[in-house]
Amino acid sequence: MQMQEDKAYDEINITPMLDLAYVLLVIFIIMTTAAVQGVKVNLPKASNQPSLAKPKTVAITIANDGKIFMDAVPVTMAELSERLQVKKSQVPDLPVVVRGDAQTQYSNVVDVLALLSELDITQIGLVTQRLVK
């Protein structure tokens with residue numbers, strides 16, 4: 001009996017070819033991702049302000065005893081008006097949040113909101129606590 005070792009293969013083994021294809025695919029993905037991240041362009045400037053700088057939110061706090069704080073600095077209503085006018089001239093769409101103590105008089109909060117309205121500050125937020133159910 002003679003062995004059939006001299007017989008030509010009639011099936012193609014594609015496993016090494018698929019391994020090579022997967023390696024090439026991974027290399028292609030890595031190189032494409034690196035190329036996309038490395039592209040540098042000269043971006044146009046939209047305004048004088050830095051494009052990533054967001055205006056700092058001003059926090060106005062009204063304490064239980066009626067004292068008013070602007071960014072943790074105690075102020076009177078006149079000082080608050082002056083400082084807000086300065087900030088409003090620097091940043092036209094100035095965001096402001098009002099934090100009133102739960103026990104403070106409602107008129108103090110209304111006075112601050114009226115001042116913000118007089119200064120034409122429209123981005124106003126009122127800070128509250130979440131209700132826990």
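Predicted model only: the values in this text are computed from it and were never measured. The first residue in the sequence is number 1, and the count goes up from there.
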Point to revise | For Asn13, all residues meeting side-chain hydrogen bond (donor to acceptor under 3.5 Å, both in side chains), sequence neighbours excluded | key: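 For Asn13, the residues satisfying side-chain hydrogen bond (donor to acceptor under 3.5 Å, both in side chains) (neighbours in sequence not counted) are Thr15.
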Hydrophobic side-chain clustering at under 4.5 Å (ILVMFWY, transitive links): who's grouped with [X]? Put none if nobody.
X	answer
Phe28	none
Tyr106	Val110
Val86	none

Are the side chains of [X] and [Y] in touch, meaning some heavy atoms are under 4.5 Å apart?
X	Y	result
Val97	Ile124	no
Arg83	Val73	yes
Asp19	Val23	no
Leu115	Asp111	no

Restricting to non-hydrogen atoms, name the atom on [X] and the atom on [Y] that form the minimum distance, rounded to 0.1 Å.
X	Y	result
Val98	Ile62	CG1-CD1, 4.1 Å
Asp93	Gln123	CB-NE2, 3.6 Å
Ala63	Phe69	CB-CE1, 4.0 Å

For [X], give me all partners under side chain to side chain contact (heavy atoms under 4.5 Å, CB included), at least two apart in sequence or on another chain.
X	result
Thr76	Ala78, Glu79
Thr122	Asp120
Val58	Ile60, Met70, Asp71, Leu84, Lys87, Leu94, Val96
Leu18	Ile14, Tyr22

Point to revise | CD (Gln105) with more than 12 external heavy atoms under 6.0 Å | key: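 No.
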Review point. Can you get from Met31 to Leu20 by hopping between Ile, Leu, Val, Met, Phe, Trp and Tyr side chains that sit under 4.5 Å apart?
Key: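 Each belongs to a different hydrophobic cluster.
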Review point. Measuring from Asp101:CG to Lys67:NZ, what's the distance to the nearest 0.5 Å?
Key: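 Atom-to-atom, Asp101:CG and Lys67:NZ are 13.0 Å apart.
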Point to revise | Distance in Å, Ile121 CD1 paired with Leu116 CG, rounded so as to fall on 0.5 Å steps | key: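 Those atoms lie 5.0 Å apart.
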